[in-house]
Amino acid sequence: MINDPQLVTEVKSFNGLQRTYEHESTTCDCTMRFAVFLPEQSAQRPVPALYWLSGLTCTEENFVLKSGAQRFAAQLGLALIIPDTSPRGLNLPGEDEHMEIGTGASFYVNAIEHPWAPHYQMYDYVTQELVTTVNSFLPVDAKRKSISGHSMGGHGALLAGLRHPDQYASVSAFAPICTASQSEWGSKALRTYLGDDKELWRQYDVSKVISQNSSHHTLLIDQGNVDPFLDQLRPNDLKVACEASGQKLVYREQTGYDHSYFFVSTFIEDHLRFHAAALA
């Protein structure tokens, strides 16, 4: 069942439209928000879409306001779809106590532990319900979509692309959490949402997924070499897993760049052009 999204905001940007919607999600059993940029080409024909997953503590607004992606999406004729990073305002015990758990910290998993399970079904929300919803009422080409993200969202984007390779034309990430089960952030979240069975954790660990089942995609990864969270992100684990499995990888270490949106905005044009080429 699809509940019609309600328009919350709309502004003109680079001759396109930047919008925010909210809708009643059946997957998450709550109200969810997502942002959309529609280039002016979408007024004439359905356009391909890039799904962007944001990182810890972010909302659907961070990428919209800080990345500068609209300029290039307008040139390339790409729609941008940016979901929120978690359900919000559910008054679940502990949902606002830790950065790594609850509000803004879904880790894009399908939770099975109480009290998260009824609502924190973000993997299915992002890969299924949101896509179906967007395709039902926006001028996007349902057969042409790609996915990218930053940090926790990079982890989510890589998971989606690797586990459902035929759904996405291309996959990229900025400073992704590469081994969630081995990082303090990730292991804390996975234990909270999935319990103590570490075999379940492996299903949501990018490096573990790659080591077992590489994708036909060439993954594009940008990582700043002065990122203060390298011990949490563990990019070397990703490189080792890709080499061992034969996963094609373009890994770019960017000298002097950190984890911020200054880093993302510097290289976002490269990623959008990478996806536009695949979607063409």
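One is the number of the first residue; the rest follow in order along the sequence. Excluded from the calculations below are hydrogen atoms, water molecules and symmetry mates; all remaining heavy atoms, backbone and side chain alike, are included.
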Pairing donors with acceptors under 3.5 angstrom, does anything connect the side chains of [X] and [Y]?
X    : Y    : answer
T179 : D237 : yes
E129 : T26  : yes
S148 : S172 : yes
S13  : Q18  : no
T127 : Q167 : no

Ring centroid separation [X] to [Y] under 6.0 Å:
X    : Y    : result
H150 : Y261 : yes
H23  : Y125 : yes
Y204 : Y193 : no
H164 : Y123 : yes

To check you understand the geometry: which heavy-atom pair defines the closest contact between [X] and [Y], and what is its length?
X    : Y    : result
H119 : P87  : O-CG, 3.5 Å
P39  : L78  : CD-O, 3.3 Å
W201 : L190 : NE1-O, 3.7 Å
A157 : V171 : O-CG1, 3.8 Å
A175 : L233 : O-CD2, 3.5 Å
C178 : S207 : O-OG, 2.8 Å

[X], [atom1] atom: more than 12 neighbouring heavy atoms under 6.0 Å:
X    : atom1 : value
Y251 : OH    : yes
Q212 : CD    : yes
H114 : NE2   : no

Next item on the list: Could you work out the complete set of other residues in the hydrophobic cluster of V11, with links drawn between I, L, V, M, F, W and Y side chains under 4.5 Å apart?
Entry: none
So, taking the atom named [atom1] in [X] and the one named [atom2] in [Y], what distance separates them when rounded to the nearest 0.5 Å?
X    : Y    : atom1 : atom2 : result
I101 : K188 : CD1   : NZ    : 5.0 Å
I147 : Y168 : CD1   : OH    : 4.0 Å
T103 : L92  : OG1   : CG    : 8.0 Å
I177 : F107 : CD1   : CZ    : 4.0 Å
C242 : I221 : SG    : CD1   : 7.5 Å
S151 : Q232 : OG    : CD    : 9.0 Å

Notebook entry, point to check: Given R33 and Y21, is the side-chain contact (heavy atoms from CB on, under 4.5 Å) satisfied, shown in steps?
Noted result: CA-CA 6 Å; R33 280 198 174 197; Y21 289 95; over 6 Å; no
Is there a side-chain contact between [X] and [Y], using heavy atoms and a 4.5 Å cut-off?
X    : Y    : answer
E113 : Y120 : no
T59  : R88  : yes
P228 : D258 : yes
S187 : Q182 : no
H217 : K248 : no
K66  : V264 : no
R163 : N213 : no
Y108 : L159 : no

Next item on the list: Mind running side-chain contact (heavy atoms from CB on, under 4.5 Å) on Q247 and L238 for me, showing each step along the way?
Entry: CA-CA 10 Å; Q247 172 65 55; L238 176 67; over 6 Å; no
Margin query: Under the side chain to side chain contact (heavy atoms under 4.5 Å, CB included) test against E24, which residue among D4, D29, T31 passes?
Written below: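 For E24, the side chain to side chain contact (heavy atoms under 4.5 Å, CB included) test succeeds with only one of D4, D29, T31, which is T31.
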Check: Can you hop from F174 to L230 via hydrophobic side chains spaced under 4.5 Å?
Finding: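 Each belongs to a different hydrophobic cluster.
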Note to self: The test is side-chain hydrogen bond (donor to acceptor under 3.5 Å, both in side chains); show your working for S86 and S106 and say whether it passes.
What the structure shows: CA-CA 5 Å; S86 76; S106 71; over 6 Å; no
Notebook entry, point to check: For L219 and I210, what are the C-alpha separation, side-chain angles and deciding distance, and is it a side-chain contact (heavy atoms from CB on, under 4.5 Å)?
Noted result: CA-CA 11 Å; L219 307 178; I210 287 174; 4.1 Å; yes
Item checked: Residues R144, D141; criterion salt bridge (Lys or Arg N to Asp or Glu O under 4.0 Å); working and verdict -> CA-CA 6 Å; R144 293 194 294 161; D141 186 335; 3.0 Å; yes
Which atom pairs, one a donor and one an acceptor, fall under 3.5 Å between side chains of residues 45-53 and the rest of the protein, sequence neighbours left out?
{"from": "W52", "atom 1": "NE1", "to": "S54", "atom 2": "OG", "distance (Å)": "3.2"}

Margin query: As a quick check of understanding, evaluate side-chain contact (heavy atoms from CB on, under 4.5 Å) for Y257 and D222, giving each step before the final call.
Written below: CA-CA 10 Å; Y257 285 90; D222 272 306; over 6 Å; no
